[in-house]
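Just the heavy atoms: all of them, side chains too, but no hydrogens, waters or symmetry mates, feed the values below.
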Amino acid sequence: MRMNNPSVQAFAEEFEQTHGDRVHRVLMARLRAAPSALRAFGLEYPPGKTDIWGLLIFGARALHFFVHASESSMSALFRTAMQGAPPKEQYAVFGPEQLADIQLPVKKNGLFRLFSRSADTITVQALLPDRTKASFFFESVLDPGDLREHAARLLAARPNQENGQ
């Protein structure tokens with residue numbers, strides 16, 4: 001989502017006040033990762049799902065993933081019938097000390113982009129609390145544009161990576 005959209009600007013201002021990080025870019029993305037990696041960052045898949053939709057936010061100091069607590073009316077009907085818990089807001093921060101790498105999608109040009117049905121995937125390598133690496137795959141159905149500047153800024157803020165980590 002482009003920052004020149006008034007609703008995105010309002011979200012960015014509220015986000016900065018709440019989380020203390022300036023928003024540079026916002027993308028609607030689907031996240032896929034190992035459930036254990038998600039749990040390490042305070043996220044979980046909805047029951048019966050293997051992905052989670054949210055906003056991937058490139059901030060000035062960190063990479064954020066925000067999942068709004070929403071559901072379709074049909075899902076709410078089934079959840080109520082099964083006496084399940086309502087969806088909850090989820091939020092994860094990938095700070096400089098956790099970011100190992102950010103791999104951006106290869107830019108598709110011209111007609112190739114028109115005929116390609118694959119989503120653009122941003123792969124984030126993050127360090128878990130036990131210092132092992134986990135992969136987080138963020139798929140954007142819209143063209144994410146050029147994210148090199150944002151990824152480079154976040155990776156440059158990492159603490160010195162010693163001992164091959």
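Counting only distance, with no hydrogens or angles, the side chain of Y45 and the backbone of R32 share no donor-acceptor pair below 3.5 Å. The backbone N or O of A60 lies less than 3.5 Å from a partner atom in the side chain of D21, making a donor-acceptor pair. Using a distance-only test at 3.5 Å, with no hydrogens or angles considered, no donor-acceptor pair links the side chain of Q125 to the main chain of K133. In terms of modelled atom types and a separation under 3.5 Å, the side chain of R158 and the main chain of A100 share a donor-acceptor contact. When atom types are taken as modelled, the side chain of Q98 and the backbone of G95 share a donor-acceptor pair closer than 3.5 angstrom. Without hydrogens or angle criteria, R153 side chain to G59 main chain gives a donor-acceptor distance under 3.5 Å.
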>> Between I102 and L147, does the side chain to side chain contact (heavy atoms under 4.5 Å, CB included) criterion hold? Intermediate values first, please.
In response: CA-CA 10 Å; I102 301 173; L147 299 170; over 6 Å; no

>> The test is side chain to side chain contact (heavy atoms under 4.5 Å, CB included); show your working for F15 and L55 and say whether it passes.
In response: CA-CA 12 Å; F15 184 88; L55 297 176; over 6 Å; no

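Side-chain contact between E44 and L38 is absent, with no heavy atoms from C-beta onward closer than 4.5 Å. Considering only heavy atoms from C-beta on, F11 comes within 4.5 Å of I57 through its side chain. Considering only heavy atoms from C-beta on, I122 stays 4.5 Å or farther from F136 through its side chain.
Ring orientation note: the planes of H150 and F58 are tilted relative to one another, at an angle of 30° to 60°.
Of the residues listed (F94, Y91, F138), the one engaging F65 in a ring-ring contact (aromatic ring centres under 6.0 Å, His included) is F138, and it is the only one.
Within a 6.0 Å sphere centred on CD of E16, heavy atoms belonging to other residues, nucleotides or ligands number more than 12.
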